[in-house]
Structures are given as C-alpha cells and as structure tokens.
Amino acid sequence: MNLKDTLNLPDKDFTIPMKAGLTNLEPAIQQRWEDINVYAEIQKSRESAEPFVLHDGPPYTNGPIHLGTAMNKILKDFVVKSQTLAGHRAPYVPGYDNHGLPIELAVMKKFEKKKISPSILELRKACREHAEEFIGVQTEQFERLGVFGLWDKPYTSMGFKYEAEIVRVFKRLIEGGYIYRGLRPVLWSPTAQTALADTEIVYEDHTSRSIFVRFDLKDDPNGIFEGLENAGTIIWTTTPWTIPANLAVAVHPEFTYDIIKVDGRHLLLVRELVETVAAKCGFADYTVVKSVKGSEIEKTVFAHPVYGRDSMALLADYVTTEDGTGVVHTAPGHGREDFMTGQRYGLPVLCPVNERGILTKDAGEFDGIHYKKCDEVVVNRLQELGALLHVEDFQHTYPHAERDGKPVIFRATEQWFIGIDQPFHLNKEITLREKMLTQIDEIQENKGWVPESGYKRIRAMIEGRPDWCISRQRPWGVGIPILYGKESSEPVLDPVAIEAIAKMIEEQGSDGWYDLDPNEILPADYAHPETGETEFRKETDVFDVWFDSACTNLCVLEGNVEPEWKDRWPSDLFLEGSDQHRGWFNVSLIVGTAARGEAPYKEVLTHGMVLDGKGRKMSKRFGNVIDPTKVCEQQGADILRCWAASVDYENDMPCSDELIKTSGEGYRRIRNTLRFLLSNLYDYDPSAEPELLAIDRWIMERSDILVSQAMKAYDRYEFQKVWSGLHNFCVNDVSAVYADAIKDRMYCDGQDWDSRRSAQAACHHVLNHLVKLVAPILVHTAEEVYERIPGISQLTSVHMESIQAKTCTREWRSCSKLAPSCLPSLKAGGRRTGSKTHRMSKQTCRFQWSRRQRSNH
RNA sequence: GGGCCUAUAGCUCAGUUGGUUAGAGCGCACCCCUGAUAAGGGUGAGGUCACCGGUUCAAAUCCAGUUAGGCCCA
C-alpha cells in the first residue's frame, strides 16, 4: 500500500495551473465575457444601485495606443471595477476624439506620397476613414487590457449625431451670450494665403533688419520724466514693417530702467543695455540722470514716430535684457505675446496687412507696399523723421512654412471666441470666469482635486486664461455653423438657423456643411434676422478640436446623442493625465459652466506621465518605449495591470522591461497563494459546520481586516496601497504562517474531521474575499479562480460580485488576543515552527503596539 | 524664463501634527524543504533620507537656496 495515497493531498487538476499562460488564457476569458456580454450583465444587475459615473476623456484616434493611454484606461478600469465591487452601478462609456490637425496631417502625408491633392471633401473622407480605422484598433487594444465598458457603442466626436450636438452646444453658448467674433493674430503664409498651424512651421535662420527707434514722450502721468526736456524712449524690433501697426511699448515690471541724457535728449531704456545701445547708436557722451523701476513706467504715453498717435507703455514679463533696449515694440495684430498684452490693456487689434502680405490703407502712407519691401521703406522713413537711431542686420531663427519654405508672418484675422469675462448667464452680476473659480473652490471643499496640487494648478489657469479662440482655419473638423449675409457679411446668430444646420448634420454629418448650399440647409424662405437678406455664404472655419472634447459631458451624459449614455450630470469623476489641467478639465469646465451653470465633474483625479526606468521620457529615438499591446501578448494584461497598481500614479510613473518583469514576480506570488488555497478545497463541504480552530479564526480575521483596508483604499483610489496590502497578506499571513501551519491537519487528518474542515472553512473564507479584492486588478486571473471555487452561489462573473468593507474594531481586539493563544498550536502542528513563531510574535507585537497607539489618542 | 510637482535601500513604495535604533515587499547572498515543487520557508547584508544652509532640545519631516527630472506655459 502506498502511504501517499492515504493523504488528502492538494488536487492539481482542481486548482488553477501554476504556470499562468496568460497569453492564451486571457483571450479565452475575454471571449467568454463577450459571449455573455458581461458589461451589460453587470449594468443590468446594478440598475437600482447608487450610481458612480466616471466620465471618459476621449483618446485621440491617430494611431495605436501607447503606454500612457493604456495606463489611463487601466486606472479608469480600477475605479470602475472597484466601485462596482463596492456595490455601485458604475457605467463606463468610452469615447474617442477624431477631428483635428494630427489626423489631417497624417492623411495629407499619404496623399502626398501618391502625389494627389485632394479636394476638401476627399480629404475629410480620408480623415474619417483614418479615424475610423484607429477607433477599431484602439478598441481592440483597450479590450485586450481587460477594460470593461460599452465598447460596442462608444461615443465618437465625429459621429453624425455627436457632430450635430456640438453645433447645438455652440447654439446654447450663443444664447448664453458667450460667443463673439474678433481679431486675433495667427501664423499666416502670404505665399499660400492661408493660416498655418504650429506643426506646419519650421524655424530657420534668417537675417532680419533690426532697428532702434526713438519714441518721444507724449504724456507722463506718473511723472517719471518730470523736469527732463526732450524726453522719450528707445524701442527695438526685428520686423520694421510692423511699425505701422505699433500701438504700445512693453517694459518688464521688475527691471530697472535708466533715463540717460544724450545730445540734449532724455531717453529711457533698461539699465543692463545702456552701454550696448549707446555704443550702437553712437552716443559719444551720455549720463544717467535717473532710474525707475519698470512697473513705474506703466501707462506712460509715447508718440508713434510716424503717425504721432498714442503708444502706451505696458508691462510684460517676456521682455528680456538679451537684445534690444528692454523696451519692446508692441503690435497686437502681429504677434501672440503682443496680442495677449494688448488684450490685458484693452488695446484694439490693428492689422494693416492683407492676406497677400500687402499693407492696406490702415497703414496710411505705406498703403500698397508688400511687407518684405516695407522693411526698407519704413527704415528710410524713420531715418527721414530723425527717429531712427541705429539699424543693423540681425541673425535669428524665424518661422517658415514647412510646405514652401517661405517665411510666414503673424497676421490678425477674424476668429470666433468664447468670452471668459462675459456675464454669467444665470447671474449677470458675475462673470463666467468668476463662476468657474467658484466652482473650482466648491469642488475643492467637497470631493476635491486629487492630488491637491491640481486645485492650485487649475485655479491659476482659469484665473489667467484669455478668451478661448474656438475657430481654426482647417478642413478636418466640425464646421462652425455660421452663415453670413452675402452682401452685408453680417453673421446669422439666430438659433433657428443653427438648429437647421444641426438637423442637417445629424443626417449627413458635418460633410453636409461643405456639400450643401445654405438655402438647402435653411428653412424655406429664411431671411437674415437683421438684414433681411436671403442669400448667404458659409463660414469656412471649423471648431478647435478642444471644443469637440469640451462638449463630451453634454453630448454623452445628457443623452442627447445616444439615450443609452444618459447618466448623472455632473459626473462623479474625471480621471486624466496632469497635462489636462490646461486641456480637457479646463475646456470642459468652460463649456459645462457656460451651458449648465456648473462644473461637469464633482471630483478630478490626475496621474503623472509614464517614463522609462531611468525617469526619462519614452521616445522612439531613445528606444525605451514599452508597447502595452506587446506586454499583453508576451506577458499578459494582468501583469501590466500589476505594474499599474504598483506605481504611485500621482507622480510620474517609471516603466521598463525590468519593472514589468518584477510585476510578473509579484503576480506569481499572488497567483500561487490563490492556487494553494483553492487546491485544498476540492472536497470542500459547505454543509460542514466545524468548530473553528484559533489559527483558522485568526487568518479569517486577518482577511477581514484586509478587506476593510483594501476597500477603503479602493474608495480613495489608492491602488498601490491595495496592491501592497494584497501582496503582503499573501506573503506574510498566508504563505509564511498559515499555509505551513495547516498542512499537517489538511493532509493527514481524516477527510471529514472537524480539524480539517475548520482549515477548509478558513481557506474558503480567505479565498472568497481575496479573489474579489484582487479582481479589479487581476481581472482575468480572478475570473479563472472564481469559477472554480466550490460551495458558493456562482454569479456569471467575479466582476458582478460585491463586497462590503467590514468594521475593524472586533478584529483588532481578537487579533492581539488570539496570536499568543495560537502559538502552541503552531508549535504542535507545524514542523518548522521556530521561525514562524518568531514572525508571529513580531506581528503580534505590532498589533498590540498599534492598538496602544490608537488608544492613546 | 514663469507656474505646479517630484527626489527615502539596487527596484517599487510606507514613514501621520518634527520625537526611541527610518520600515515593507521585491531583488541579492547564504541556508532549509522536497506533501504549494519551473513552487515554498528561514537568516542576512543593503540607507550621509538628492545637495547646501537655516529654525529647533530634537529635522526624512518645517523654511530658504542649489541640482536633477516631469507637466504646463512663455
């Protein structure tokens, strides 16, 4: 007789295999999820439960996902699954962001290869196809990560109904009084006669004419030139042709400016550059007569050297002491910084240059001159006027169009804006900005910005952000639904007209805007509400893609696009990378507040960026890129998810092959613990009600504590704490102590003995909890284990389970009491008890110590 | 250049409002087991808490500065 046959050894076929084989296992499990439509099942089972709505920020569909996208989705899935586990109804409607420049450029590249120049509609069709392709690719990749959601009906910003809804949001903002038209400088190619995006620009060396020009004092409200005759300042610029557009001069508020006396004049410039400028301008003999701080110069008025009009001194912190004079020529129509500064001081935007780069009648005597020639003309004129102090060639980098290599200019053009300082539509006493700031503060007082630094960050950004320019001169986007009277060029801001456009888009997509004649879109006999015209032309600009994504909360959660998406507004949580303070959090706040008077979220969670093992940015150039899909194929999604749970996502997250490997070892440890617990339950009898042994009670209570702590951590999105808690429990409590302690009983005692049934009850209890706790992270492994656990009422999937956090008080007490009492049984039962005892007593001490700590407070 | 953030063992992270000898897991070294076995257990070695000042009886912790890195902006 083989003695071994008399033992109750673990059943290797009953439990999960030691070797996970996740690369095969995961797809099989995912197939089953698809077959039973697990996401729908979960939602159905939670219909009446308290909701928790995580609103998905849409990834951009111009390529496959990268690790950052994967990390973001995994974190969202941790939230959704753990909220489900806590008993909530946690829907997840994923989304995709489709319009915009990167896709357009990718598609154009393909056309260029084939030497085709597509029409707008051809280009848009190709863009749509490109986006469509990557919606498919990304969906597959996200599902492969084990992320649950409404994958067969995600929201897509290029969906016809979604596009129509964007137009309707725009209509709501017009009704709220937030939309206006104004001038703003954009990068402009005079050769192509078109606006360009930053990505279409290359910076190349260029030799410009740099000039030093005297502006005489016109008005001195601060008295900084008091008693000094022939006062003025010296400005500097490398674009003389923009002198006709000069409306101001900028100084740095912190710099010290000297007033020097030279040739009977008193001229102001920054102290650091006095010597250099004097040398250049040939000031043989000068003396510093006075010094002022930059901030004191504000609002001093100088005279434009050609036209004599006001050119006021403004403060700007981009002024440097590297070149020039510390007094910067400012033309709001010809530079981004100039524009921003001008906005702050309420200056008009003057742009006396047409689309071909020729100066207009607004430039007075320079009318009709091409901007390139104008440099010379302006220089000569200033010379004539005696205002030119010095001219020289200046080498610097200057923006050129990537396409034709020709230099570009900044040129102010008509754009559409959302006015941040417009009166808030529900309370005209305050502005939209003020309302948004209140919202930010209220969120902070309630659920909050996590981590807390996000609060400061978003607040500073909303405090300082300029009006939002929502128009783009591009082909791939939702056309701005504005018609202009053909004669008057007056825009139609009538909701009726815009609704007609939205209706059309709902059926034909935003291509219809390009395809159809205005009168085919508008109701019959529609007349311009202001001018009565019946002939119209269409706006050619499209919405900034950020406007598309700013609308997600309305488009999705209001259910206007798809009734199935309708859910609570504002949502409970937005969860994105910290770069979205400037991006999605910011624009969603604007649109949410302007449309519904509130922020669209109650809580905002941000994570850092994924970096390589050395803390460097991942980049193809460095060859340090980790492809999440490859990790799934080679190691398994559960391994990648272990990594995601093991890092501190509030900061930047390091990742490398080495770290993925380490995660794999952590995974194995938990897997083997689950495997061991399960392997002893092959003959588990749920009807047996054995008297529980002390050590069995102990491990059960330890697992209850774990449940309590892990659920609390899940609720606070502290996934790393969950992970280390689970891991430490498996290593210290189960492997090091409990597993060894029960082996004798489990294998050698009679199958039905209370002593053995007691251990089984404990293993069952622990496994039952462990598998649920682990499920949001190890989504596949948990499922693999769950379906094998005997003696429980099986749900269709472990992810339908819920678990209540237990209160700790009783357990804390019994733990500290129990541990000493179970030592003798350990000594009697285990073979290698010396070390266990040591561990045990170490832990016991820690419990008692913690308890004392608590009771002292 | 500006705003925000980060820096604790080889790695991933704990370290409450300043208060004993700074902890855990992984990894590593050595040992044990061979009834969780391509598993499991034990023991041990690893730290100038990025650097430099300051406050304090006392600093990983508070303050100023420096360096390195990240996000956003210019």
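Lettering of chains follows the sequences in order, A, B, ..., and the numbering in each one begins at 1. Predicted model only: the values in this text are computed from it and were never measured.
- Considering only side-chain N and O atoms, A/Arg668 lies under 4.0 angstrom from the phosphate OP1 or OP2 of B/A39.
- Under the rule for a side chain to side chain donor-acceptor pair (under 3.5 Å), the partners of A/Thr242 that lie at least two apart in sequence or sit in another chain are A/Thr239, A/His329.
- Checking the phosphate oxygens (OP1, OP2) of B/A7, no side-chain nitrogen or oxygen of A/Asn651 falls inside 4.0 Å.
- For RNA chain B, each stem of at least three Watson-Crick or G-U pairs (distances under 3.5 Å) is given as range with range: B:1-7 with B:67-73, B:10-13 with B:23-26, B:28-32 with B:40-44.
- Within 4.0 Å of A/Pro654, counting heavy atoms only, lie sugar-phosphate atoms of the nucleic acid but no base atom.
- Residues of residues 722-730 of chain A that place a heavy atom closer than 4.0 Å to RNA chain B, in numerical order, are A/His727, A/Asn728.
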With sugar-phosphate taken as primed atoms, P, OP1 and OP2 and all else as base, the protein-contact string of nucleotides 69-74 of chain B at under 4.0 Å (heavy atoms; B, S, -) is SSBSSS

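- Within the 4.0 angstrom heavy-atom criterion, no nucleotide atom of any strand lies near A/Ala460.
- For the salt bridge (Lys or Arg N to Asp or Glu O under 4.0 Å) test, no residue two or more places apart in sequence or in another chain qualifies with A/Lys712.
- Residue A/Lys456 places at least one side-chain N or O under 4.0 Å from the OP1 or OP2 atom of B/C5.
- Legend: salt bridge (Lys or Arg N to Asp or Glu O under 4.0 Å) pairs involving residues 455-468 of chain A, not counting sequence neighbours, sorted by first then second residue: A/Asp441-A/Arg459, A/Arg459-A/Glu463.
- Among the atoms of the strands shown, none is found under 4.0 Å from any heavy atom of A/Ser679.
- With sequence neighbours excluded, the residues that form a side-chain contact (heavy atoms from CB on, under 4.5 Å) with A/Ala599 are A/Gln439, A/Ile443, A/Leu589, A/Tyr601.
- Taking the salt bridge (Lys or Arg N to Asp or Glu O under 4.0 Å) definition, one finds that A/Glu576 meets it with A/Lys76, sequence neighbours left out.
- For A/Thr15, the side-chain contact (heavy atoms from CB on, under 4.5 Å) criterion is met by A/Arg675, A/Leu678, A/Ser679, not counting sequence neighbours.
- Considering only residues two or more places apart in sequence or on other chains, A/Glu665 meets the salt bridge (Lys or Arg N to Asp or Glu O under 4.0 Å) condition with none of them.
- Residues satisfying the salt bridge (Lys or Arg N to Asp or Glu O under 4.0 Å) test with A/Arg716, not counting sequence neighbours, are none.
- Counting only residues at least two apart or in different chains, side chain to side chain donor-acceptor pair (under 3.5 Å) contacts with residues 639-654 of chain A comprise A/Asp77-A/Arg641, A/Asp648-A/Asn651.
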